[in-house]
Asker: 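Below is the structure I would like to discuss, written out as structure tokens.
Protein chains get the first letters and strands the later ones, always in sequence-line order, with residue 1 at the start of each. Computed from a predicted structure; not experimentally measured.
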2 protein chains.
Amino acid sequence: MDVEDTKYNNTKELILDAAEALLQDRGFNAFSYHHIAQQLGVKNAAIHYHFTSKTDLGTTLIRRFRQRFRDYTRTLERENAGPVSKLECYFAIPASYLQNGRKICPLGVLEAEFNAIPEPMQLESRLLDKEMRDWLAGVLDDGRSQGVFNFEGSIVDKTLVVVAALQGVLQIARVAGPQIFSVTVRQIKRELGVLEKAV
Amino acid sequence: MDVEDTKYNNTKELILDAAEALLQDRGFNAFSYHHIAQQLGVKNAAIHYHFTSKTDLGTTLIRRFRQRFRDYTRTLERENAGPVSKLECYFAIPASYLQNGRKICPLGVLEAEFNAIPEPMQLESRLLDKEMRDWLAGVLDDGRSQGVFNFEGSIVDKTLVVVAALQGVLQIARVAGPQIFSVTVRQIKRELGVLEKAV
DNA sequence: AAACTTACCTACTTATCAGTAAGTTCAGAA
DNA sequence: TTCTGAACTTACTGATAAGTAGGTAAGTTT
């Protein structure tokens with residue numbers, strides 16, 4: 001028989017969902033157990049039943065991001081998605097963050113608060129960054145080899161600019177308005193040589 | 001006679017200096033009056049003497065960033081700096097943040113914590129963003145007109161990508177190491193058509 | 001049906017936070 | 001020499017944080 005999950009309810013997942021939204025909305029140090037508890041209609045101690053500490057909650061959260069990204073890319077692989085399609089899917093991630101309440105990249109939050117989060121979360125953050133950036137580098141490499149992308153500079157350099165720009169623009173959208181996002185994505189695509197259509 | 005500053009000591013400025021470093025290191029919600037007080041060898045209440053509230057301290061801090069940027073650009077104007085020179089000076093700002101203890105852009109911090117900072121600070125953040133981005137847009141516009149820059153897309157679009165990429169890469173440097181910064185700046189320059197030398 | 005586990009809750013502790021009220025020190029003006 | 005105000009300190013408050021001890025109802029296993 002399957003241990004956990006199937007038994008009883010899914011409060012644990014609901015806690016993670018609430019924590020995830022709060023993390024991307026306010027940051028790790030600006031949300032409390034009380035925020036989550038109130039939202040779920042449970043008491044503070046219920047969260048401690050599922051997660052021994054806030055550090056535990058935080059690291060579990062990042063591991064879930066990592067797993068989700070792995071699942072996502074694996075699905076794209078199964079579907080034999082090409083580089084252009086993969087790139088579009090990559091852009092769709094921050095786009096959904098923006099739409100769903102002006103959230104920002106989890107990595108952006110964690111990096112901004114990096115010196116004020118527990119070490120286990122710092123380690124998980126490093127892994128998440130590496131995995132995402134390595135994957136995108138692979139996509140850009142394939143795309144250039146196949147001639148569907150056309151850009152200057154090395155794969156690593158270009159990947160950094162794309163990742164950094166997307167992370168940055170989500171944050172800037174909070175002070176400058178959400179409309180700057182699509183504008184920036186358009187420019188990024190242009191500079192990847194992937195946009196042949198009009199401006 | 002000059003009011004304030006000349007009289008007595010400069011604790012107020014020292015408080016702002018400490019708060020500024022803490023902001024860019026840990027974020028607004030992750031530093032306390034105690035951090036500052038301990039660092040300066042004064043008591044908690046001494047900070048409250050100079051700043052009525054943490055909100056007051058925060059807004060003063062952002063206003064100081066704004067003033068500093070205005071002074072900086074005004075100096076460049078007086079020196080008749082060209083677009084390339086101005087761009088180099090703009091890159092020098094995040095470069096100094098990185099060198100001085102892996103700090104990140106103040107705006108990046110404020111945007112990441114945007115939904116967890118007081119409204120007066122949100123307003124000041126908007127102004128800081130607008131002023132900096134408008135200035136850079138002017139530089140890119142001049143540079144393109146003068147033929148020293150060569151890039152695709154509109155001025156606004158390009159400015160956003162440059163600003164977002166710089167803000168993002170400072171944050172990513174925390175998990176990926178400081179060496180990625182110069183690499184990214186090199187790529188940004190390349191894509192501004194300002195780098196004629198070898199890769 | 002007894003024994004055990006899950007999934008909580010109530011009630012608490014300890015620590016830290018921003019903020020305040022009232023008193024102290026001391027330089028310089030009157 | 002007294003007085004005034006700037007620049008603090010001491011000693012506190014109330015709020016909120018994460019975390020814990022112990023209890024309980026309902027479901028599961030044996």
Side-chain angles (χ1 to χ4, degrees), chain A residues 1-20 22-23 25-62 109 113 115-122, chain B residues 1-20 22-23 25-62 110 113 115-122:
Chain A
M1 68 191 85
D2 273 74
V3 189
E4 46 190 344
D5 270 322
T6 51
K7 273 186 184 176
Y8 301 96
N9 56 20
N10 58 338
T11 301
K12 190 168 185 174
E13 286 300 313
L14 290 174
I15 291 169
L16 283 170
D17 291 343
E20 180 177 310
L22 284 163
L23 176 80
D25 186 59
R26 305 173 50 89
F28 187 72
N29 288 304
F31 79 82
S32 70
Y33 279 36
H34 188 67
H35 283 103
I36 301 170
Q38 216 170 14
Q39 207 171 305
L40 299 196
V42 297
K43 290 301 151 82
N44 206 312
I47 301 164
H48 265 101
Y49 170 76
H50 292 285
F51 301 94
T52 59
S53 65
K54 202 182 175 186
T55 302
D56 180 28
L57 173 60
T59 51
T60 306
L61 210 49
I62 308 174
V109 177
E113 295 186 282
N115 299 320
I117 60 174
E119 201 188 299
M121 290 181 63
Q122 295 181 337
Chain B
M1 69 192 86
D2 272 73
V3 189
E4 46 188 346
D5 271 322
T6 51
K7 270 190 187 176
Y8 301 94
N9 55 22
N10 57 338
T11 302
K12 189 167 184 175
E13 286 298 315
L14 290 174
I15 291 168
L16 284 170
D17 291 343
E20 181 178 310
L22 283 162
L23 177 79
D25 186 60
R26 303 173 51 89
F28 187 73
N29 289 303
F31 78 81
S32 70
Y33 279 35
H34 188 66
H35 283 103
I36 301 170
Q38 217 169 14
Q39 208 170 304
L40 300 194
V42 297
K43 292 300 151 84
N44 206 311
I47 302 163
H48 265 101
Y49 171 76
H50 292 286
F51 301 95
T52 59
S53 65
K54 203 183 176 186
T55 302
D56 180 28
L57 174 59
T59 51
T60 306
L61 211 49
I62 309 175
L110 296 165
E113 295 186 282
N115 298 321
I117 61 173
E119 200 187 300
M121 290 181 63
Q122 294 181 337

Asker: Nearest whole Å is fine: how far is D:dA18 C1' from A:N29 CG?
Answerer: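 For the pair A:N29 CG and D:dA18 C1', the rounded distance is 12 Å.
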
Asker: Tell me, please, which residues at least two apart from A:S32 pass side chain to side chain donor-acceptor pair (under 3.5 Å).
Answerer: A:H35

Asker: With a cut-off of less than 4.0 Å, is there a side-chain N or O of A:Y33 near OP1 or OP2 of D:dA17?
Answerer: no

Asker: Grab the two heavy atoms, one from B:H50 and one from B:I15, that are nearest each other, plus how far apart they are.
Answerer: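 B:H50 and B:I15 have their closest heavy atoms at CD2-CD1, 3.7 Å.
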
Asker: Report yes if the side chains of B:L57 and B:L16 come closer than 4.5 Å at any heavy-atom pair, otherwise no.
Answerer: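 Yes, their side chains come closer than 4.5 Å.
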
Asker: Any idea which of C:dT10, C:dA18, D:dT9 is nearest the B:A46 side chain?
Answerer: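 Nearest nucleotide to the side chain: D:dT9.
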
Asker: Give a yes/no on whether any side-chain N or O of A:Y49 is located under 4.0 angstrom from OP1 or OP2 of C:dC8.
Answerer: no

Asker: For A:A45 and A:H35, find the nucleotide of DNA chain D closest to each by heavy atoms; which residue's nucleotide sits nearer the 5' end?
Answerer: A:H35

Asker: Establish, with yes or no, whether the OP1 or OP2 oxygen of C:dC17 is under 4.0 angstrom from a side-chain nitrogen or oxygen of B:S32.
Answerer: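 The answer is yes; a side-chain N or O of B:S32 sits under 4.0 Å from OP1 or OP2.
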
Asker: Find the distance B:I15:CD1 to D:dA7:C1' and express it as a whole number of Å.
Answerer: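 Going from B:I15 (CD1) to D:dA7 (C1'), I get 10 Å.
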
Asker: Rounding to a whole Å, what distance do you find between B:F28:CZ and C:dA18:P?
Answerer: 9 Å

Asker: Below 4.0 angstrom from OP1 or OP2 of D:dC8, is there any side-chain N or O of B:K43?
Answerer: no

Asker: Take B:N29 and A:N29 through the test side chain to side chain donor-acceptor pair (under 3.5 Å) and record every step on the way to the result.
Answerer: CA-CA 7 Å; B:N29 289 303; A:N29 288 304; over 6 Å; no

Asker: Counting only side-chain nitrogens and oxygens, does A:T11 get under 4.0 Å of the OP1 or OP2 atom of C:dC8?
Answerer: yes

Asker: Could you tell me whether the phosphate oxygens of D:dC8, OP1 or OP2, come under 4.0 Å of any side-chain nitrogen or oxygen in B:H48?
Answerer: no

Asker: Select base, sugar-phosphate, or nothing to describe what B:F31 touches, counting heavy atoms under 4.0 Å on all strands.
Answerer: sugar-phosphate

Asker: What base-paired stems does DNA chain D take part in, with at least 3 consecutive Watson-Crick or G-U wobble pairs and both distances under 3.5 Å?
Answerer: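 Result, WC/G-U stems under 3.5 Å: C:1-30 with D:1-30.
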
Asker: From the list D:dG19, D:dT9, D:dA21, which nucleotide is the closest neighbour of the side chain of B:V42?
Answerer: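 The answer is D:dT9, which lies nearest to the side chain.
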
Asker: What's the shortest heavy-atom distance between A:I117 and A:F28, and which atoms?
Answerer: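 Here A:I117 and A:F28 meet closest at CG2-CD2, 4.0 Å.
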
Asker: Name the closest nucleotide to the A:K54 side chain, picking from D:dG19, C:dA18, C:dC8.
Answerer: D:dG19

